[in-house]
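Worksheet: the structure to be examined is printed underneath.
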Amino acid sequence: MTNHPVWRPTASRDALKSRAQQLAYLRGFFHERDVLEVETPVLGRHGVTDLNLDGISADVLAGGVQGGWLQTSPEYPMKRLLAAGSGCIYQIARVFRNGERGRRHNPEFSMLEWYRIGLDDQALMAEVSDLVCGWLGCERPEQVSYRQAVTASAGFDPMDISDQDLKRYCERWLETEQLVDLSRNDCLDLVMSFAVEPTLGFERPVFITRYPAAQAALARVSQEQGHSVAHRFELYINGLELCNGYWELTDPDEQRRRFEGDNQQRKIAGKPEMALDSAFMAALEAGLPDCSGVALGLDRLLMLKVGAKAIEEVLAFPIERA
């Protein structure tokens, strides 16, 4: 953080100008592809069940609604639009995640989210490449499976390693007693964060694909070499995660099971259980079209464009000055 007076922005005028140019580029990109720009509520009635996301609650009393949540993503309302027949859509949104502040994080940040009807994850990755490489002028990404990436950086097969050996590996970052209550996915997240991500995307951008099914979130799952893998991808450039995309799950029963599983994990972790978004579930019941979707961090994309080392260099006012 700079030592300038607290009323001043932390981003330079050049960075602010580049942000404006980035927004114009994005809107032109989707206009050419006949993808409709939409807006959905920043303040919603429900939060999310995802164990790794902590929402920010709001004290709302209006229209028969009491309480609410600043949205961590526009995903659920955008999927309601898809189910209602919107066609392909995108949104440039402000989103909120509690407890996230660091060199690459701010509790409020800008997200680009879009959905393409009739495309699978492979086709959507091609479009992500078009968008990102068109803006940054970089080489198109290669694809590396989650299994290949972890094996190359950590030296073990994440699909076959035992829980005991995985926890033993994680002792390089946490004490043994700290690992007792961690799930297999928690440990794999540690490995990804500390051993794998810092090595990704330096020679050229890279998509990490085919995550373990337990990390599918809202993605479809299929079988590959005797293991269940998710149709999910993440893009990395210079060790920075830019986006997270899925070939979207459309089965409401399976989605409900996953949400209930999330709440079980939240309970184990001592986090509050989250009510399921009834409007979103009703939209899935009505029928979500076959589609793929992706969420991309626009502040991080801008960091790469201007060569920023910390997110406050591309934000007018980070949380400390908001």
Worksheet item: Is there a donor-acceptor pair closer than 3.5 Å between any side-chain N or O of Gln178 and the backbone N or O of Glu175?
Response: yes

Worksheet item: Shared ILVMFWY cluster between Val306 and Leu298, side chains joined below 4.5 angstrom?
Response: no

Worksheet item: Sub-3.5 Å donor-acceptor pair from the side chain of Gln91 to the main-chain atoms of Glu37, do we have one?
Response: no

Worksheet item: Gln215 and Asn185: side chain to side chain donor-acceptor pair (under 3.5 Å), yes or no, with the steps?
Response: CA-CA 7 Å; Gln215 298 181 25; Asn185 272 332; 3.3 Å; yes

Worksheet item: Of all heavy-atom pairs between Arg321 and Pro9, which one has the smallest distance, and what is that distance?
Response: NH1-O, 4.2 Å

Fill in: Distance in Å, Phe317 CZ paired with Glu312 CD, rounded so as to fall on 0.5 Å steps
14.0 Å

Worksheet item: Of all heavy-atom pairs between Pro212 and Ala230, which one has the smallest distance, and what is that distance?
Response: O-CB, 4.1 Å

Worksheet item: Are Tyr90 and Glu113 linked by a side-chain donor-acceptor pair shorter than 3.5 Å?
Response: no

Fill in: Note, Leu200 side chain near Ile208 side chain (heavy atom, < 4.5 Å)
yes

Item to complete: Could you go through the side-chain contact (heavy atoms from CB on, under 4.5 Å) check for Gln143 and Met125 one step at a time?
Response: CA-CA 9 Å; Gln143 290 190 34; Met125 276 188 276; 3.8 Å; yes

Worksheet item: Mind checking whether Leu218 and Leu288 sit in one hydrophobic cluster, side chains of I, L, V, M, F, W, Y counted as touching below 4.5 Å?
Response: yes

Discussion item. Cys243 vs Phe233, test: side-chain contact (heavy atoms from CB on, under 4.5 Å). Steps then yes/no.
Written reply: CA-CA 8 Å; Cys243 72; Phe233 63 85; 4.2 Å; yes

Worksheet, complete the sentence: Rounded to the nearest 0.5 angstrom, the CD1-NE2 distance for Ile319 and His105 is 14.5 Å

Fill in: Validation row: Ile92, Gln22 side chains within 4.5 angstrom (heavy atoms)
no

Worksheet item: With no hydrogens and no angle check, is any side-chain donor or acceptor of Asn263 less than 3.5 Å from a backbone partner on Met274?
Response: yes

Practice prompt. Could you tell me whether the side chains of Ser228 and Gln223 share a donor-acceptor contact shorter than 3.5 Å?
Written response: yes

Fill in: Over-ring placement of Arg27 relative to Phe29, 6.0 Å and 45° cut-offs
no

Donor-acceptor pairs under 3.5 angstrom involving side-chain atoms of residues 43-52: please list them, not counting sequence neighbours.
residue: His46; atom: NE2; partner: Leu276; partner atom: O; Å: 3.4
residue: Thr49; atom: OG1; partner: Asp262; partner atom: OD2; Å: 2.8
residue: Asp50; atom: OD1; partner: Asn52; partner atom: N; Å: 2.8

Worksheet item: Does the distance from a Lys or Arg side-chain N to an Asp or Glu carboxylate O, for Glu273 and Arg266, drop under 4.0 Å?
Response: no

Worksheet item: Taking atom types as modelled and ignoring hydrogens, do the side chains of Glu171 and Thr176 form a donor-acceptor contact shorter than 3.5 angstrom?
Response: yes

Fill in: Residues forming a side-chain hydrogen bond (donor to acceptor under 3.5 Å, both in side chains) with Gln264, sequence neighbours excluded
none

Fill in: Side chain proximity check, Leu36 to Cys88, heavy atoms < 4.5 angstrom
no

Fill in: Minimum-distance pair of heavy atoms, taken over all atoms of Ser73 and Arg97
CB-NH2, 4.3 Å

Discussion item. Just to verify, what does Glu177 make a side-chain hydrogen bond (donor to acceptor under 3.5 Å, both in side chains) with, not counting sequence neighbours?
Written reply: none

Worksheet item: How about Tyr236 and Asn238: does a side-chain donor come under 3.5 Å of a side-chain acceptor?
Response: no

Worksheet item: Do the side chain of Thr10 and the main chain of Leu315 share a donor and acceptor less than 3.5 angstrom apart?
Response: yes

Fill in: Joint cluster assignment, Leu82 & Met78, ILVMFWY side-chain distance < 4.5 Å
yes

Worksheet item: Charged N to carboxylate O below 4.0 Å: is that the case for Asp160 and Arg147?
Response: yes

Item to complete: Evaluate the side-chain proximity of Pro318 to Ile311: yes if any heavy-atom separation is below 4.5 Å, no if none is.
Response: no

Worksheet item: Do you reckon Phe207 sits in the same ILVMFWY cluster as Leu296, going by side-chain contacts under 4.5 Å, direct or chained?
Response: yes

Worksheet item: Does Arg300 reach the side chain of Phe109, with side-chain heavy atoms less than 4.5 Å apart?
Response: no

Worksheet item: Measuring from Asp121:CG to Thr209:OG1, what's the distance to the nearest 0.5 Å?
Response: 8.0 Å

Worksheet entry | Interatomic spacing from OG in Ser162 to NZ in Lys167 - rounded to 0.5 Å | 11.0 Å

Item to complete: Using modelled atom types only, decide if a donor and an acceptor are shared between the side chain of Asp277 and the backbone of Phe280 within a distance under 3.5 Å.
Response: yes

Fill in: Heavy-atom pair with the smallest gap, counting every atom of Ala149 and Val144
N-CG1, 3.8 Å

Item to complete: May I ask you to test the Arg184-Leu166 pair for a side-chain heavy-atom distance under 4.5 Å?
Response: yes

Worksheet entry | Contacts of Arg258 that satisfy side-chain contact (heavy atoms from CB on, under 4.5 Å) - sequence neighbours left out | Ala216, Val221, Leu249, Glu254, Gln255

Worksheet item: Is there a donor-acceptor pair closer than 3.5 Å between any side-chain N or O of Arg101 and the backbone N or O of Pro107?
Response: no

Practice prompt. Only pairs at least two apart or in different chains count here, so list each salt bridge (charged side-chain N to carboxylate O under 4.0 Å, His left out) that has a residue in residues 227-242.
Written response: Arg232-Glu234

Worksheet item: Under the 3.5 angstrom rule, does the side chain of Asp299 hit a backbone N or O of Ser110 as a donor-acceptor pair?
Response: yes

Discussion item. Under a plain distance cut-off of 3.5 Å, with no hydrogens placed, do Thr199 and Ser153 share a side-chain donor-acceptor pair?
Written reply: yes

Worksheet item: Would Val294 and Leu131 show up in the same hydrophobic cluster when neighbours are defined by side-chain heavy atoms closer than 4.5 Å?
Response: yes

Practice prompt. Quick one: closest heavy-atom pair of Met111 and Thr72, and the distance?
Written response: CE-O, 4.0 Å

Worksheet item: If only atom types and distance count, is the side chain of Arg220 paired as donor or acceptor with the main-chain N or O of His231 below 3.5 Å?
Response: no

Fill in: Value rounded to 0.5 Å, distance of CG in Leu284 from OG1 in Thr250
8.0 Å

Worksheet entry | side-chain contact (heavy atoms from CB on, under 4.5 Å) between Val42 and Gln71, worked out | CA-CA 5 Å; Val42 170; Gln71 297 299 283; 5.7 Å; no

Fill in: Intermediate values then yes/no, side-chain contact (heavy atoms from CB on, under 4.5 Å), Leu26 and Leu112
CA-CA 9 Å; Leu26 296 172; Leu112 168 67; 3.9 Å; yes

Practice prompt. Calculate, to the nearest 0.5 Å, the distance between atoms CG and SG belonging to Leu188 and Cys170 respectively.
Written response: 7.5 Å

Worksheet item: How would you list all residue pairs meeting ring-ring contact (aromatic ring centres under 6.0 Å, His included) that involve residues 113-137, not counting sequence neighbours?
Response: Tyr25-Trp135, Phe30-Trp114

Practice prompt. Using the ring of Tyr169 (Phe, Tyr or Trp, six-membered ring only), decide whether Arg172 places NZ or CZ under 6.0 Å from its centre and within 45 degrees of its axis.
Written response: yes

Worksheet item: Is there a donor-acceptor pair closer than 3.5 Å between any side-chain N or O of Ser18 and the backbone N or O of Asp14?
Response: no

Worksheet item: For the residue pair Gly239 and Arg104, what are the closest heavy atoms and their distance?
Response: O-NH1, 2.9 Å

Practice prompt. Determine whether Met192 and Tyr146 make a side-chain contact, defined as any pair of heavy atoms from C-beta on separated by less than 4.5 Å.
Written response: yes

Discussion item. Strictly distance-based, threshold 3.5 Å: is any side-chain N or O of Glu313 a donor or acceptor partner for the main-chain N or O of Lys309?
Written reply: yes

Item to complete: Flag the pair Leu304 / Leu240 as yes when at least one side-chain heavy-atom distance between them is below 4.5 Å, and no otherwise.
Response: yes

